Amino acid sequence: MKKFTLITFILLFSFSIQAQDKKAKALLDQVTAKVRSYENIVIDFKYSLNNAKENINQDSKGNVTMKNNQYVLNFMGITKIFDGKKTYTIVPEDEEISISSFNEKDDSAITPSKMLTFFNSGYKYSTNILQDVRGRKIQYIKLIPTNSKDQRKEILLGIDVQTKHIYNLIEMGKNGTKTTLTVNSFKTNQPLSKNQFIFAESKYPNYYINKLD
């Protein structure tokens, strides 16, 4: 009888995990579809890095404007512009600009637009906790990297149940480091300048230009 009860528990548990995976997959698919439906996206975010063992606590703010695979990212005093072919990294503190080409075949190349859909491959996922954050229902999806060499132990992706927008992303590193990216503002289909993603060298007359390729 005990053996039968144990087998029944295992079967029910397995069914529950499968159901959660299907629920997680459906929600992630909705997030992807929503992101791809917009003409452009403008995000203001907060980034936190913590490691209790190393006594590290850092907070930064940034913003990014995206359209298709083009973007302008402002973070930690550095601006990155990607026009679809080249990436321009502008560092005002050093008065230096680095220019590099984008390799479309390089799957490891990370862009801000990919950050909104990165979870579509390379992870095992399951439904996690549902939290009420200032009146918003945030459903968390736990992501486990399938690559054993990945230095991240797990990722918690918080998704607004109503809007299907990403609210935050929490990464737990194998070394104890915790990084959190929280979306403070998520705007879509904004009026953008036609030169929004064009790098103008004339704006930086005294900067050193470093062409990496």
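Because the structure is a prediction, the values reported are computed rather than measured.
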| Distance in Å, Glu201 CD paired with Ile99 CD1, rounded so as to fall on 0.5 Å steps | 6.5 Å
| For Tyr47 and Phe75, what are the C-alpha separation, side-chain angles and deciding distance, and is it a ring-ring contact (aromatic ring centres under 6.0 Å, His included)? | CA-CA 9 Å; Tyr47 179 84; Phe75 184 56; 5.6 Å; yes
| request: Mark yes when over 12 heavy atoms from residues, nucleotides or ligands other than Lys178 sit less than 6.0 Å from its NZ; otherwise mark no. | output: no
| request: Measure the acute angle between the ring planes of Phe199 and Tyr204, then classify it against the limits of 30° and 60° as parallel, tilted or perpendicular. | output: parallel
| task | Can you see which heavy atom on Ser37 is nearest to which on Lys34, and at what distance? | result | OG-O, 2.6 Å
| Closest contact, heavy atoms only, Asn51 versus Gly176 | ND2-C, 3.8 Å
| request: Mark yes or no for whether Asn195, through its side chain, and Ile198, through its backbone, hold a donor-acceptor pair below 3.5 Å. | output: no
Enumerate, atom names and distances included, each donor-acceptor pair closer than 3.5 Å involving a side-chain atom of residues 132-151, sequence neighbours excluded.
unit_1: Asp132; atom_1: OD1; unit_2: Gly135; atom_2: N; d: 3.0
unit_1: Asp132; atom_1: OD2; unit_2: Lys137; atom_2: NZ; d: 3.4
unit_1: Arg136; atom_1: NE; unit_2: Asp160; atom_2: OD2; d: 2.8
unit_1: Arg136; atom_1: NH2; unit_2: Asp160; atom_2: OD2; d: 3.0
unit_1: Gln139; atom_1: NE2; unit_2: Asn128; atom_2: O; d: 2.9
unit_1: Gln139; atom_1: NE2; unit_2: Ile129; atom_2: O; d: 3.2
unit_1: Tyr140; atom_1: OH; unit_2: Asn168; atom_2: OD1; d: 3.3
unit_1: Tyr140; atom_1: OH; unit_2: Asn168; atom_2: ND2; d: 3.1
unit_1: Thr146; atom_1: OG1; unit_2: Gly122; atom_2: O; d: 3.2
unit_1: Asn147; atom_1: OD1; unit_2: Lys149; atom_2: N; d: 2.9
unit_1: Asp150; atom_1: OD1; unit_2: Arg152; atom_2: N; d: 2.8
unit_1: Asp150; atom_1: OD1; unit_2: Arg152; atom_2: NE; d: 3.0
unit_1: Asp150; atom_1: OD2; unit_2: Arg152; atom_2: NH2; d: 2.9
unit_1: Gln151; atom_1: NE2; unit_2: Lys149; atom_2: O; d: 3.1

| query | Which hydrophobic side chains are connected to Leu130, either touching it within the sub-4.5 Å cutoff or through other members that do? | reply | Val161
| Does CG belonging to Asp94 count more than 12 external heavy atoms closer than 6.0 Å? | yes
| Looking only at heavy atoms, which two atoms of Lys25 and Tyr125 are closest? And how far apart? | CD-OH, 2.8 Å
| message | For Ser98 versus Leu212, what's the shortest heavy-atom pair and its separation? | response | CB-CD1, 4.2 Å
| Short side-chain to backbone donor-acceptor contact, Asn40 and Met66, under 3.5 Å | no
| Around Lys53, counting heavy atoms of other residues, nucleotides and ligands shown, do more than 12 lie under 6.0 Å from its NZ? | no
| field | Exam field: side chain Glu93 to backbone Val91, donor-acceptor pair closer than 3.5 Å | value | no
| Would you call Lys67 and Glu39 a salt bridge, taking side-chain N to carboxylate O under 4.0 Å as the test? | yes
| task | State, to 0.1 Å, how close Ser126 and Ala24 come at their nearest heavy-atom pair, and which atoms those are. | result | C-CB, 4.0 Å
| query | Distance only, no hydrogens: is a donor on one side chain within 3.5 Å (strictly under) of an acceptor on the other, for Asn50 and Asn57? | reply | yes
| field | Sequence-distant partners of Val183, side-chain contact (heavy atoms from CB on, under 4.5 Å), two or more places apart | value | Ile43, Leu181, Phe186
| For the residue pair Phe82 and Tyr88, is the inter-centroid distance of their aromatic rings smaller than 6.0 Å? | no
| Is the number of heavy atoms from other residues, nucleotides or ligands under 6.0 Å of Lys153 NZ greater than 12? | no
| field | From CD1 (Ile90) to CD1 (Ile78), nearest 0.5 Å | value | 10.5 Å
| query | Side-chain donor-acceptor pair under 3.5 Å between Thr182 and Lys46, yes or no? | reply | no
| message | Given 3.5 Å as the limit, does a donor-acceptor pair link the side chain of Asn68 with the main chain of Gln70, or not? | response | no
| field | Nearest non-hydrogen partners of Asn63 and Phe45, listed with the distance | value | N-CE2, 3.5 Å
